[in-house]
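Here is the naming used below: chain letters follow the sequence lines, and residue numbers restart at 1 for every chain.
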Number of protein chains: 2
Amino acid sequence: MSPSAVIDAALEIVDAQGHGALTLASVAARTGVATPSLYKHVAGLAELRALAGARVMSELAQELTDAVMGLSRDEAVSALLQTGRSYVVKHPHRYALMPLDALHHPLTADAGAKLINVLLAVLRGYGLRGAAAVHATRCMRVIMHGFASLEAAGGFGLPERLDDTYQQLIDMFVASLPKEKIR
Amino acid sequence: MSPSAVIDAALEIVDAQGHGALTLASVAARTGVATPSLYKHVAGLAELRALAGARVMSELAQELTDAVMGLSRDEAVSALLQTGRSYVVKHPHRYALMPLDALHHPLTADAGAKLINVLLAVLRGYGLRGAAAVHATRCMRVIMHGFASLEAAGGFGLPERLDDTYQQLIDMFVASLPKEKIR
DNA sequence: GCCTAAAAGCTAACATCATTAGCCTGTACG
DNA sequence: CGTACAGGCTAATGATGTTAGCTTTTAGGC
């Protein structure tokens with residue numbers, strides 16, 4: 001066994017039973033090991049959650065990176081937001097693992113930075129600098145996180161198509177970006 | 001004591017120590033009662049959380065209602081979004097109590113409906129109907145929830161002014177609404 | 001004023017967890 | 001061949017949620 005294998009098991013449990021079911025006991029059961037043995041690989045439940053969250057964030061960052069490769073500006077923004085949502089739809093339970101303040105925690109800071117960097121890279125195509133870039137990044141995050149967390153939690157009850165709502169948000173955001181690249 | 005008094009104590013604990021500190025043991029200590037005695041008023045921890053969440057949602061709905069009274073359209077939307085955020089800034093820990101899928105749970109459905117109704121009322125000024133009203137409501141929710149949850153969780157690390165980011169989001173949303181009332 | 005029944009409290013007990021301490025074993029490496 | 005350590009184990013402790021069953025308080029009717 002290895003720390004990574006423990007995280008694998010943790011993610012399997014989360015995928016199957018939701019993030020509330022992630023306990024050291026359940027991970028131990030799944031890996032066929034006594035609970036205290038997990039401490040040889042992981043410092044405790046808090047660290048395991050952080051590591052699992054970091055794993056998810058890295059995976060998401062990778063998918064986003066792949067999705068925007070070769071695209072720029074509106075196309076890239078749209079692809080990024082769509083891909084972010086589709087990841088959450090694919091693994092609804094994983095979303096809750098990602099810490100919202102990843103940068104504040106050493107175990108998740110790297111993964112968090114990777115994620116933010118994709119957003120920044122996409123916005124670079126608009127020539128946004130300094131404060132403007134920060135605000136735009138935050139807006140994008142708000143939209144992606146707001147929608148994804150609501151969708152993952154089953155927060156949208158009505159039957160109207162979620163795709164349409166999300167597209168409307170994307171259009172809204174894209175419309176707020178500069179039409180000409182700022183030089 | 002009464003169920004309501006138990007919820008009061010729960011909210012005091014959450015305000016002071018965060019929603020992770022909300023346990024039956026801590027509520028019992030604060031109300032000067034043995035833990036099992038709480039079951040005379042509340043069915044268990046899950047119900048207490050739901051009831052506390054409903055209380056918070058009602059309170060927020062009331063503040064939002066007060067804030068938009070006498071306003072319409074862009075002014076009302078702006079006031080609603082600003083007031084929503086300021087509630088979260090005032091009581092950062094309470095935000096995490098509100099269930100995202102309030103309508104699915106009988107104990108929180110009423111409060112959830114109250115909240116949604118404020119949003120719908122404000123959007124009525126634009127003459128939005130049917131699916132369009134649903135999408136617009138969702139967009140507003142995404143923006144308010146996305147921003148508030150990130151802010152409450154300390155998810156914005158950089159020093160740029162959050163007020164500016166939020167204003168940008170509000171402008172973005174307002175710009176997406178019809179300029180003339182649809183009749 | 002008293003009596004009874006329900007409301008509200010208590011203690012004891014149990015299950016589940018996380019966590020720590022201390023022990024055992026196999027294996028890689030000198 | 002011996003030793004050190006990685007990785008596993010059992011036992012024990014302390015929170016916590018929850019249930020059961022008993023006691024006390026209280027409110028209302030007689």
- Task: Spell out, yes or no, whether A:L48 and A:Y39 are grouped together once hydrophobic residues are joined by side-chain heavy atoms under 4.5 Å, including indirect joins.
- Result: yes
- Task: Answer yes when A:K90 and A:E63 have at least one side-chain N-carboxylate O distance shorter than 4.0 Å, and no when they do not.
- Result: yes
- Item | B:H91 vs B:Y95, ring-ring contact (aromatic ring centres under 6.0 Å, His included): CA-CA, chis, key distance, verdict | CA-CA 7 Å; B:H91 311 290; B:Y95 192 78; over 10 Å; no
- B:L120 side, atom CG; B:L128 side, atom CG - distance, nearest 0.5 Å: 10.0 Å
- For the helix from C:dG1-D:dC30 to C:dG30-D:dC1, figure out the bend between the end axes, five pairs an end, and round to 10 degrees. 10°
- Query: Using the ring of each side chain (for Trp, its six-membered ring), is A:F147 parallel, tilted or perpendicular to A:F156, with breaks at 30° and 60°?
  - Reply: tilted
- Could you tell me whether the side chains of A:Q82 and A:Y166 share a donor-acceptor contact shorter than 3.5 Å? no
- Message: Could you check whether A:D66 and A:Q62, counting side-chain N and O atoms only, form a donor-acceptor pair closer than 3.5 Å?
- Response: yes
- Query: Salt bridge check: are A:D163 and A:R85 linked by an N-O gap of less than 4.0 Å?
  - Reply: yes
- Message: For DNA chain C, which residues of residues 20-45 of chain A approach it to below 4.0 angstrom with any heavy atom?
- Response: A:T23, A:L24, A:A25, A:T35, A:P36, A:Y39, A:G44, A:L45
- Heavy-atom pair with the smallest gap, counting every atom of B:H104 and A:G157: NE2-CA, 4.3 Å
- Item | Span of DNA chain D in contact with chain A (heavy atoms, under 4.0 Å) | D:dG7 to D:dA11
- NZ-CZ distance between A:K179 and A:R73, expressed to the nearest 0.5 angstrom: 10.0 Å
